[in-house]
Structure formats: C-alpha cells, structure tokens
There are 4 protein chains.
Amino acid sequence: MTIQESGAARPAGRPRSEKAEKAIIEATLDLIAEGMGVSELSIEAIASRAGVGKTTIYRRWSNKEDLVVDALSTLKAPLPPLSGTSVRDDLITLLEAMRTESGHQRGRCVMNIAMSEADRHPRLMERFVKRAIEPRRLALREVIERGVATGELRPDLDVAMGMAILSGTMMWHTKWGPAGDLPADLPERIVDAALAGMAP
Amino acid sequence: MTIQESGAARPAGRPRSEKAEKAIIEATLDLIAEGMGVSELSIEAIASRAGVGKTTIYRRWSNKEDLVVDALSTLKAPLPPLSGTSVRDDLITLLEAMRTESGHQRGRCVMNIAMSEADRHPRLMERFVKRAIEPRRLALREVIERGVATGELRPDLDVAMGMAILSGTMMWHTKWGPAGDLPADLPERIVDAALAGMAP
Amino acid sequence: MTIQESGAARPAGRPRSEKAEKAIIEATLDLIAEGMGVSELSIEAIASRAGVGKTTIYRRWSNKEDLVVDALSTLKAPLPPLSGTSVRDDLITLLEAMRTESGHQRGRCVMNIAMSEADRHPRLMERFVKRAIEPRRLALREVIERGVATGELRPDLDVAMGMAILSGTMMWHTKWGPAGDLPADLPERIVDAALAGMAP
Amino acid sequence: MTIQESGAARPAGRPRSEKAEKAIIEATLDLIAEGMGVSELSIEAIASRAGVGKTTIYRRWSNKEDLVVDALSTLKAPLPPLSGTSVRDDLITLLEAMRTESGHQRGRCVMNIAMSEADRHPRLMERFVKRAIEPRRLALREVIERGVATGELRPDLDVAMGMAILSGTMMWHTKWGPAGDLPADLPERIVDAALAGMAP
DNA sequence: CAGTAATCGAGACGGTACGTCTCGTCTTAGA
DNA sequence: TCTAAGACGAGACGTACCGTCTCGATTACTG
C-alpha cells in the first residue's frame with residue numbers, strides 16, 4: 001500500500017452523476033406537482049422528463065416508492081424560527097408554517113400526495129413521518145410544554161391532546177375547509193380558540 | 001300484449017342482472033378492504049373476482065370513479081341516534097360513531113380510501129362529501145347550536161371553529177395517532193378537552 | 001343442444017382477426033425484404049409497421065422464429081409445371097425455377113434469409129425444409145428416376161449424387177458466383193455439364 | 001538519441017497489451033463455437049469472458065464485424081499438401097479437407113457462421129472470401145487446369161463449371177445432407193461422379 | 001528518476017428493444 | 001338486448017446490451 005486509504009475506498013468505474021440524480025428528483029417532483037399520484041407516475045415519464053435513461057433510475061432506486069420517498073424528503077421545508085416571546089406567538093408561527101407550506105404549488109401537491117398515498121404505501125409513510133412530520137410534532141410539543149412550565153398554560157394540561165387539537169384543527173381546515181387559499185388569520189383564530197380551553 | 005305495462009315501457013331485450021350488479025359492488029369493496037387504492041384497483045380484477053365480464057361493468061359505470069363512489073355509498077353507516085339529554089353526551093356519541101366506523105375492517109379501509117384519494121379524484125370527493133360527510137357535519141352543527149341555545153355552550157362561540165376542533169382532533173388521532181384501534185375513551189376525552197374552551 | 005356442432009366448438013370470445021394476422025405477415029416480409037436478418041428484425045418494428053399491438057403478435061407466435069417460419073412459408077412459390085418431353089428439358093425447368101425465384105426482390109431476400117439463418121435456428125430450418133425444400137427435392141428425384149427408367153440416364157446412376165450435383169452446382173453459383181443476376185443460360189449449361197457424366 | 005529507432009516511431013504512452021488482444025480473440029471464438037451467431041454475440045459477453053473492459057475491445061475494433069473477421073481469420077486452416085500423383089487424388093484431398101474442416105467443433109461452427117452470416121455482413125463476407133475461400137478456390141482451379149494439360153481431363157472442359165460442380169456438390173452435402181458427420185468416402189464418390197463427365 | 005501520455009479494468013451514461021402485463025374498447029356466440 | 005369470453009391497440013413495466021464516457025491505477029518511454 002503506497003498511499004493511505006481514507007476509510008471507504010472509492011468504488012471502481014465511473015462515479016454516478018450527481019447531475020442525473022438531481023434531474024431525476026426534480027422531474028419526479030415536477031410530475032407530482034402536476035397532479036400525478038404515485039400510481040399514475042411512470043418511471044418512463046420521469047426518465048424522459050429528466051433526460052435520463054431508465055437504467056439510471058433503476059440503478060439508484062429499485063422501485064417507485066423509494067424514489068418518491070427520496071424526492072419528497074428533499075422538500076422538508078425548514079422549521080420556522082420561534083420567537084419565544086409567548087406561547088401564543090410561537091403556536092401561531094407553527095400553524096402559519098403549516099398554512100403557507102400548502103400555499104406554494106409544489107408544497108401543496110407534495111403534502112397532498114404525502115398524506116394521500118401514505119396509507120397505501122406503509123414504508124413511504126414511515127419514512128415520510130420520520131423526516132417531515134416528526135420534527136414539527138416535536139417543536140409543537142416543546143412549545144406546549146414550555147407554556148405549562150411558564151404558567152402560560154394550565155399545569156394539568158394533557159399535552160398530547162393539546163397537540164392533537166391544534167394540528168388536527170389546522171389539518172381539518174386544509175382538507176375540508178372552503179376551497180382556495182386558507183385565510184391569513186386562520187392560525188391566530190385556531191390558537192385563540194384552543195387556548196380558551198388550555199389557559200389556566 | 002300479455003302482461004300489463006307499468007307506465008314507463010320496459011326496454012326490450014334481456015334485463016340487466018341485479019345479481020351481477022351486487023357481485024360487482026361486493027367485489028369492489030372486498031378489493032378496497034384488502035388495501036387497494038383507487039388507482040391500484042383494476043376493472044379486470046373486479047370483473048374476475050365478481051365472475052363477470054368487463055363489459056358488464058363498463059355498461060353500468062363509465063369509469064372506475066363512478067363505480068367506487070357507488071360502492072362506497074352502499075356503506076354509508078346510518079347516523080347514530082342522539083339521546084338529546086346533554087350536549088356533551090351527544091358530542092361523545094357522534095365522535096364515538098366516527099371511532100367505531102373506523103374499527104371494522106371494511107369501514108376503516110373505506111374511510112381511508114375516501115380520505116386518501118379524495119383530492120386526486122375531485123368528483124369522487126364531491127359525491128362522497130355529499131353523501132357521507134355532509135350529514136355528519138350537519139348533525140354536529142345542530143348539536144353545537146343547540147348547546148349555544150340552551151346555554152350549555154358559550155353564547156359567542158364560533159360554531160364553525162367548534163366543529164373544526166372536534167372533527168379535526170378526532171381525525172388527527174385516526175390518521176396520526178398510535179397504530180391499532182383507537183382507545184374507547186378517546187371521544188370522551190376529546191369532548192371534555194374541547195368543552196373546556198367552549199363552555200361558558 | 002339445439003344445433004349440431006361441427007366437430008371442434010368455436011372458442012368463446014372475440015375471434016382472432018385475420019386482417020391483423022395478414023398485416024403482421026406482410027410487415028414481416030417487407031422488413032425482411034428490406035434487408036433485415038432475423039436477428040435485426042424487431043417485433044416492435046413489425047408491430048408498428050403492421051399497425052398492431054405487440055400483444056397481438058405474441059398471442060399468435062411465441063417467438064420471432066415461429067413468426068418468421070410462417071411468414072416465409074407463405075412465399076413458397078409453386079413448383080413449375082414440367083413438360084415431360086425430355087429429362088434434360090425438365091431439369092432445366094427446375095433449375096430455371098431456382099434461378100428466377102432468386103430474381104424477385106422478395107424471393108431473393110427470403111431465400112437468402114432462409115439459407116443464412118437456418119443453421120442457427122434449427123426449428124426454422126426443419127420447418128422450412130419441409131415446406132419449401134422437400135417438394136423441390138422430390139420433383140428433382142422423380143425426373144432423374146424417370147430418366148433412368150426411360151434410358152435417358154445411365155442405369156447404374158447414383159440418383160442421390162445426381163441430385164446433389166445439380167442442386168449443389170446451382171446453389172454454388174447463387175452463393176459464390178459473380179454478383180448480380182445469374183445468367184439466363186446457366187441452368188442449361190449446368191444440366192449439360194452434369195448430363196455429361198450421367199448419360200449412358 | 002539513445003536507442004535506434006526502427007522506422008515508424010513507437011507511439012508514446014503505455015503500449016497495447018497483446019495478452020488482452022489474444023484473450024479477446026479467444027473469447028470471441030469460444031462464444032461462436034458455443035453456437036452464437038454474429039448477432040447474438042454481445043460485446044459485453046466477450047469482454048466479460050475475456051476479463052477485459054469494453055473500451056479495450058472498442059479501441060481495437062470499431063465494430064463487431066471487424067472483430068469477428070479478425071477472429072475467424074486466425075482459424076484459417078492451412079491448405080493440405082497435394083501429392084500431385086493424379087488429378088483424382090488431388091481433388092479427393094481437397095474435398096477431404098473441406099469435409100474434415102467441418103469436423104472439429106470450432107471449425108464447423110466457424111464455417112457455419114462464415115457461410116451463414118456472410119450475406120448480411122458484406123464486408124465480413126468480402127474479407128472472409130479473400131482470406132479463406134480464395135486460396136482454396138485457386139488450388140482447385142490449378143488442379144483442374146493441370147488435369148486438362150496432362151490429358152487427364154477433357155481438353156474442352158469448362159474449368160469454372162468443373163469447380164462449381166465439385167465445390168457445390170460438397171457444399172450441398174454439408175448443408176443439406178443427412179445430419180451428423182459426413183461419410184469418409186464422400187469426397188471419393190463425388191470426385192468419381194464428377195470425373196465421369198469431365199474425363200476425356 | 002520524475003514527468004508525460006496512452007492504456008488498462010471497471011462501470012455509469014442515454015438509448016433501444018425485449019417479452020410481459022394491464023388498461024379500456026370491441027366483437028363474437030349464446031341466453 | 002344483455003352476458004361471459006376473450007381479442008384488440010396502446011403503452012408502462014423492469015431487464016439486457018448497445019456504443020460512449022469517465023474514473024483511478026498502471027506501464028512504458030522521455031527529459
């Protein structure tokens with residue numbers, strides 16, 4: 001051995017093209033954003049849109065699900081920064097993030113897809129929850145627990161139920177509320193309604 | 001003329017078989033209950049399962065969506081009778097109905113399907129909302145409005161927001177709560193948590 | 001049973017389209033005549049040229065070989081009528097048929113294909129020999145045997161060897177002779193050269 | 001200048017590996033001998049069998065044909081020595097060489113390939129004829145012309161036709177004769193049958 | 001002996017065709 | 001007229017090779 005090897009040796013042969021990988025992800029998200037469901041998505045369409053051979057896709061992902069999971073994962077919008085001034089403000093910020101994430105064309109469709117197809121594709125669901133849902137859930141829990149600690153919320157509050165009320169109500173509006181964009185003051189109204197039962 | 005005609009003339013030729021129709025609906029529900037999404041559902045699979053020719057299906061429904069809507073509609077569980085003794089009791093009854101409807105194998109899958117695929121199949125969504133969601137929504141609204149009238153709920157309550165909180169929280173648990181059957185006391189806990197902010 | 005059945009019952013369902021079958025054969029021969037070898041022939045090209053789905057081809061022939069055999073078989077030009085006046089005349093007629101069969105664009109290519117690919121596709125070979133070669137071989141044998149009987153040929157002639165000499169020499173010219181069409185007097189010259197050793 | 005240069009300067013860089021070249025040729029002949037046609041031959045299979053990168057093949061031969069021609073050329077069995085005692089003996093020797101060349105596993109397959117694919121690959125044909133067929137044809141012609149000169153054959157013999165009869169009859173047996181090895185006395189019988197029409 | 005340059009193996013690249021599958025429609029004979 | 005059966009054109013599936021390209025490593029000559 002003449003030169004020290006740095007951990008994992010680079011595999012022989014031409015390295016995989018990052019450009020192709022990105023193009024595939026982009027094409028997938030484009031097609032999803034154009035309203036295709038996971039089942040309507042065709043690998044051939046993705047390949048053609050990405051200007052890529054089918055082999056190049058199958059070399060990286062062995063099935064459509066894996067590709068979709070990876071594609072959706074790249075969209076995990078960063079959590080909004082929380083001001084920390086008051087529980088009410090932070091809750092509104094979190095719900096506002098949920099509201100606007102569904103505002104962008106892509107975000108909305110991606111969310112729809114994610115929620116829609118999740119049950120039928122359990123592995124997709126699992127991975128998506130881990131990457132996209134869990135962090136938001138955790139942030140929400142922390143805000144509520146902080147509120148309990150600071151006395152802004154009732155000391156005997158059922159934290160899990162509080163989370164369910166806030167997320168669920170927001171989600172309900174997203175899904176079943178009147179069509180079109182959600183009103184800008186919705187997060188504030190939901191938080192106030194929820195706080196009515198959670199304040200000390 | 002040998003047999004009396006009853007108003008509208010019966011069309012000539014062999015009448016459509018009711019047996020085939022039922023078999024098709026049953027096969028469709030079976031397949032949905034086995035976890036297929038609307039897109040995975042294949043007319044050929046339904047025909048084969050029902051022991052029926054594909055033509056027989058296409059003659060009755062021009063596309064998969066129509067068939068699925070009709071199939072789901074046959075499952076519209078009747079609304080539970082409300083005791084009317086108290087708003088709390090009636091709300092618990094309504095949420096309990098939502099909980100158990102998702103408990104039976106078929107009901108759960110059908111609900112999942114309905115919720116999942118709705119966005120991608122707007123006409124399905126529309127008809128499903130009309131037949132299955134609207135009546136429940138209406139019942140919920142009546143109970144809440146009655147509570148406002150009787151003084152059990154705050155007079156300045158935002159009725160729509162109250163509905164969103166109750167339905168949304170229940171729905172949230174159905175979708176994101178811990179796996180397995182929902183706990184029996186969940187409706188009661190949700191109602192109590194919600195009433196904390198809605199009582200006068 | 002109301003009507004007598006005529007032997008094999010017609011199978012249920014829509015009968016296979018003769019039109020499609022013919023279009024497929026035609027397309028195959030066209031492509032072969034355009035110079036494609038069996039291996040260069042693509043089922044997709046045939047399907048597209050014939051205006052037919054690939055399924056419709058695979059439903060009838062399970063592989064390319066079978067299709068090619070059937071296609072070639074439709075070209076088996078009828079044997080020329082033999083005058084019977086003299087062995088020499090009949091032999092010239094037979095060899096002339098071999099010569100002109102290679103004259104038509106299609107015939108030539110088909111023959112080439114048949115001879116070329118035969119060894120690599122033994123089943124093709126076998127079936128092709130049976131349908132196209134055997135009848136010609138038989139006719140040749142009969143002429144020679146008649147010549148032996150009438151005294152036009154040597155009584156101790158090795159009939160098989162005579163056939164080999166006549167066919168082989170003709171074939172040799174087809175394959176290795178100077179390019180372009182074979183000269184019109186070639187059959188006559190071959191027959192005369194061969195008869196020099198076969199006449200009594 | 002340190003070392004004398006031998007005419008053409010050796011190109012810079014690493015010289016091509018003779019070992020790889022041989023391995024490629026060997027692998028090609030192996031695969032052909034295993035019954036593959038030129039079209040079934042895959043460069044990838046050759047590369048893999050030879051333990052060589054595809055580049056190493058494409059650097060030397062720009063296409064499959066060229067490779068096959070070179071591979072076949074390495075097999076050009078030497079012409080058998082002719083005793084010269086009599087035309088009959090020499091003809092038998094030549095035909096005997098044709099017969100046995102088809103006996104060895106490799107030789108047979110190579111011959112088959114050469115004859116089969118020739119028409120579809122004209123450049124292959126041309127080069128193969130030059131290297132393998134032409135020398136044999138020349139030898140045959142010389143023997144026959146010598147026979148005419150010595151009086152063993154008819155003075156007005158059509159030499160070209162005589163060649164066609166001898167080669168063609170032998171070829172006919174190779175191609176259309178009964179399966180299995182050709183009988184040992186076949187060359188003798190053919191020569192005698194042919195000489196019957198060629199002797200003075 | 002260090003530098004230069006063509007070669008080596010490996011394997012990824014954008015493609016094409018494969019043979020299979022399922023789609024929704026069409027076309028039969030029989031009920 | 002409706003039914004079951006099943007053929008139809010269409011097109012996506014995942015695989016195998018094509019011929020090209022890009023890697024790091026190797027191997028000879030040159031300065």
Side-chain angles (χ1 to χ4, degrees), chain A residues 2-3 9-17 19-21 40-48 50-60 62-64, chain B residues 10-17 19-20 40 42-45 47-48 50-60 62-64, chain C residues 2-3 9-17 19-21 40-45 47-48 50-60 62-64, chain D residues 1-3 9-17 19-20 40-45 47-48 50-60 62-64:
Chain A
T2 54
I3 302 184
R10 200 169 130 329
R14 174 175 176 174
R16 296 193 177 169
S17 152
K19 215 180 76 182
E21 196 139 343
E40 278 73 29
L41 257 186
S42 93
I43 294 282
E44 292 202 337
I46 295 174
S48 151
V52 141
K54 282 196 290 178
T55 339
T56 305
I57 298 182
Y58 283 112
R59 200 174 286 120
R60 292 166 164 73
S62 58
N63 53 60
K64 220 167 15 185
Chain B
R10 214 177 76 11
R14 172 173 174 175
R16 293 191 180 172
S17 149
K19 216 179 74 181
E40 278 70 31
S42 89
I43 294 284
E44 277 188 356
S48 152
V52 142
K54 285 194 287 181
T55 336
T56 307
I57 298 181
Y58 283 110
R59 203 189 316 283
R60 290 165 165 75
S62 60
N63 54 58
K64 214 161 32 179
Chain C
T2 53
I3 303 185
R10 200 169 127 336
R14 175 175 176 176
R16 297 195 175 167
S17 151
K19 214 179 77 183
E21 196 138 345
E40 278 71 32
L41 256 187
S42 94
I43 295 283
E44 291 201 338
S48 151
V52 141
K54 282 196 290 180
T55 337
T56 305
I57 297 181
Y58 283 112
R59 209 188 315 282
R60 292 166 163 74
S62 59
N63 53 59
K64 217 163 23 182
Chain D
M1 186 201 296
T2 54
I3 303 185
R10 216 181 72 15
R14 173 174 176 175
R16 295 192 177 168
S17 151
K19 215 180 75 183
E40 278 72 31
L41 255 186
S42 91
I43 295 282
E44 282 192 349
S48 152
V52 142
K54 283 196 289 179
T55 335
T56 307
I57 298 181
Y58 283 111
R59 196 173 290 118
R60 292 165 163 75
S62 59
N63 53 59
K64 214 161 33 179

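Owing to the predicted nature of the structure, the values given are computational and were not obtained by experimental measurement.
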(request) For E:dC26, take OP1 and OP2 only and decide whether either is under 4.0 Å from a side-chain N or O of C:Arg14. (result) no
(message) Under the rule for side chain to side chain contact (heavy atoms under 4.5 Å, CB included), what residues qualify as partners of D:Ser42, not counting sequence neighbours?
(response) D:Glu44, D:Ala45
(request) Verify the contact: side-chain N or O of A:Ser17 to OP1 or OP2 of E:dA12, cut-off strictly under 4.0 Å; return yes or no. (result) no
(message) Please report the interatomic distance NZ(A:Lys64) to OH(A:Tyr58), rounded to the nearest 0.5 Å.
(response) 8.0 Å
(request) Check whether any side-chain nitrogen or oxygen of A:Arg16 sits under 4.0 Å from OP1 or OP2 of E:dA10, and answer yes or no. (result) no
(message) Rounded to whole Å, please give me the gap between CG in C:Leu41 and P in E:dT16.
(response) 19 Å
(request) Send over the distance from A:Arg60 CZ to F:dG14 P, rounded to a whole Å. (result) 17 Å
(request) Nearest 0.5 Å please: distance from the CD1 atom of C:Ile43 over to the CG atom of C:Asn63. (result) 8.5 Å
Please list each protein N or O that sits under 3.5 Å from an N or O in nucleotides 19-22 of chain E, with the distance.
unit_1: E:dG19; atom_1: OP2; unit_2: C:Tyr58; atom_2: OH; d: 2.4
unit_1: E:dG19; atom_1: O5'; unit_2: C:Tyr58; atom_2: OH; d: 3.1
unit_1: E:dG19; atom_1: N7; unit_2: C:Lys54; atom_2: NZ; d: 3.0
unit_1: E:dG19; atom_1: O6; unit_2: C:Lys54; atom_2: NZ; d: 2.8

(request) For C:Arg60, enumerate each residue passing the side-chain hydrogen bond (donor to acceptor under 3.5 Å, both in side chains) test, keeping only those at least two apart in sequence or located in another chain. (result) C:Glu21
(request) Take atom NZ of D:Lys19 and atom C1' of E:dT7, then tell me their distance rounded to the nearest Å. (result) 14 Å
(message) Among residues at least two apart in sequence or on other chains, which ones pass side-chain hydrogen bond (donor to acceptor under 3.5 Å, both in side chains) with C:Arg59?
(response) none
(request) Please state whether the phosphate of E:dA12, meaning OP1 or OP2, lies under 4.0 angstrom from any side-chain nitrogen or oxygen of A:Arg59. (result) yes
(message) Quick check: on DNA chain F, is the nucleotide nearest B:Ala20 upstream (toward 5') of the one nearest A:Ala12, or the reverse? Name the residue that is more 5'.
(response) B:Ala20
(message) Pick the closest DNA chain E nucleotide for D:Ala50 and for A:Gly51 by heavy atoms, then say which residue is nearer the 5' end.
(response) D:Ala50
(message) Mind checking if A:Ile57 touches a base, just sugar-phosphate, or nothing, with heavy atoms under 4.0 Å?
(response) nothing
(message) By nearest heavy atom, map C:Ala45 and A:Thr56 onto DNA chain E; which one lands nearer the 5' end?
(response) A:Thr56
(request) Return the set of residues passing side chain to side chain contact (heavy atoms under 4.5 Å, CB included) with B:Ala47 (not counting sequence neighbours), or none when no residue passes. (result) B:Lys54, B:Ile57
(message) Test of understanding: with side chain to side chain contact (heavy atoms under 4.5 Å, CB included), list the residues that count as partners of C:Arg14, not counting sequence neighbours.
(response) none
